[in-house]
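Only this structure's heavy atoms are used, side chains among them; waters, hydrogens and symmetry mates stay out. Within every chain, numbering begins at 1; the chains are lettered A, B, ... in the order of the sequence lines, protein sequences first and strands thereafter.
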Amino acid sequence: DTAVSQTPKYLVTQMGNDKSIKCEQNLGHDTMYWYKQDSKKFLKIMFSYNNKELIINETVPNRFSPKSPDKAHLNLHINSLELGDSAVYFCASSQDRTARGYFGAGTRLSVL
Amino acid sequence: GENVEQHPSTLSVQEGDSAVIKCTYSDSASNYFPWYKQELGKGPQLIIDIRSNVGEKKDQRIAVTLNKTAKHFSLHITETQPEDSAVYFCAASRKPASGTYKYIFGTGTRLKVLA
């Protein structure tokens, strides 16, 4: 069983469209994250949620809106996609007690 | 702001040799330091971690050392094998009184093990 699973794996879309990425973890962790990895492989945190509550919101445009319906799911909705949004987006989860983070396989978003 | 520097950016070693990757962090309150391996087309995978109350940790061919005074930590891979080829990331993190751990990642090291 995949611990952190995100869908879709690839997403190709036109500028201006709205798209969503879904993430689920079956590890029973309290905290979930979204990270963005740019073309130079740099990994940067975007958001974190703890028990459905937004904890970290880095300086991300408000076109990005995370939603956590329950502590096992954290989805990312992106409005009015721009060329610069092209990247690989990773979902991750961790348990507060250990701090160990586990990542999904990533969603490669290409905005044309 | 918080920053983690990682060196080298690329590293090529002969199979069987050792590889060392070094990181320096800026936030003296950091207390948890994981290392991740990312293979092509996959997500980062946790390979080893160390907490601030420990100076060294080893797991088979992989070891991590931490110098809190100098704010340095390093990954050591011995007897490298071709399957060790990947991008390696260090990270530093801490948990504020009310909040969750926030990882600050290094810029990555592309390790190539030559057969």
Side-chain angles (χ1 to χ4, degrees), chain A residues 2-7 9-10 21 23 25 27 29-60 66 68 71 74 87-108, chain B residues 1-6 8-11 21 23 27 29-54 57 59 64 66 86-112:
Chain A
T2 306
V4 181
S5 58
Q6 53 183 108
T7 55
K9 189 166 174 63
Y10 300 98
I21 307 172
C23 180
Q25 55 97 1
L27 297 166
H29 288 166
D30 296 318
T31 303
M32 295 185 72
Y33 307 81
W34 279 109
Y35 284 85
K36 180 179 179 181
Q37 186 172 48
D38 62 23
S39 59
K40 295 183 178 178
K41 295 284 191 185
F42 187 59
L43 269 166
K44 193 169 189 318
I45 191 168
M46 299 172 69
F47 302 102
S48 82
Y49 270 73
N50 181 273
N51 278 315
K52 303 192 296 176
E53 182 184 348
L54 179 66
I55 302 296
I56 295 173
N57 182 349
E58 291 293 292
T59 50
V60 178
S68 181
K71 75 172 196 177
L74 180 61
V88 182
Y89 292 85
F90 287 101
C91 177
S93 73
S94 71
Q95 188 181 58
D96 286 352
R97 187 177 58 82
T98 66
R100 290 185 173 131
Y102 297 87
F103 283 75
T107 296
R108 182 174 293 276
Chain B
E2 302 144 333
N3 186 46
V4 175
E5 293 186 2
Q6 181 172 347
S9 56
T10 59
L11 179 60
I21 302 170
C23 289
D27 183 359
S30 296
N31 57 10
Y32 176 67
F33 307 90
W35 284 89
Y36 285 85
K37 176 184 180 182
Q38 186 177 20
E39 295 174 297
L40 196 60
K42 297 186 178 179
Q45 179 189 8
L46 179 67
I47 55 172
I48 196 167
D49 55 9
I50 192 167
R51 299 180 195 277
S52 58
N53 57 349
V54 174
K57 184 177 177 181
D59 182 4
V64 57
L66 171 65
V87 179
Y88 290 81
F89 291 95
C90 63
S93 69
R94 65 179 176 91
K95 183 180 176 184
S98 59
T100 60
Y101 279 95
K102 175 183 168 182
Y103 289 10
I104 305 298
F105 279 93
T107 47
T109 296
R110 187 174 297 278
L111 173 66
K112 191 178 288 187

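Both the backbone and the side chain of A:L43 come within less than 4.5 Å of a heavy atom in chain B. Contact annotation for A:E58: only side-chain heavy atoms (C-beta onward) come within less than 4.5 Å of a heavy atom of chain B. Heavy atoms of B:P44 lying under 4.5 Å from chain A belong to its backbone as well as its side chain. Only the side chain of A:Q37 comes within contact range of chain B, judged by heavy atoms closer than 4.5 Å. Proximity to chain A (any heavy atom under 4.5 Å) is restricted, for B:K42, to the backbone atoms N, CA, C and O. Only the side chain of B:Q38 comes within contact range of chain A, with at least one heavy atom under 4.5 Å from a heavy atom of that chain.
Other residues, nucleotides and ligands contribute at most 12 non-hydrogen atoms within 6.0 Å of the NZ atom of A:K52. Within a 6.0 Å radius of CZ in A:R100, more than 12 heavy atoms belonging to other residues, nucleotides or ligands are found.
Residue A:K9 comes nearest to B:G41 through the heavy atom pair NZ-O, 3.4 Å, listed as atom of the first residue, atom of the second, then distance.
Here the CZ-OG1 distance, from B:R51 to A:T98, works out to 6.0 Å after rounding to the nearest 0.5 Å. The distance from atom CZ of A:F103 to atom OH of B:Y36, rounded to the nearest 0.5 Å, is 5.0 Å. For the atom pair A:I45 CD1 and B:F105 CZ, the distance stands at 8.5 Å (nearest 0.5 Å).
Judged purely by atom type and a 3.5 angstrom limit, A:Y33 has no side-chain atom pairing as donor or acceptor with the backbone of B:Y103.
When the candidates A:A105, A:S48, A:A99, A:G101 are compared by the number of heavy-atom contacts under 4.5 Å with chain B, A:A99 comes out ahead. Residue with the most contacts toward chain B among A:Y49, A:Y102, A:F42: A:F42 (heavy-atom pairs, distance under 4.5 Å).
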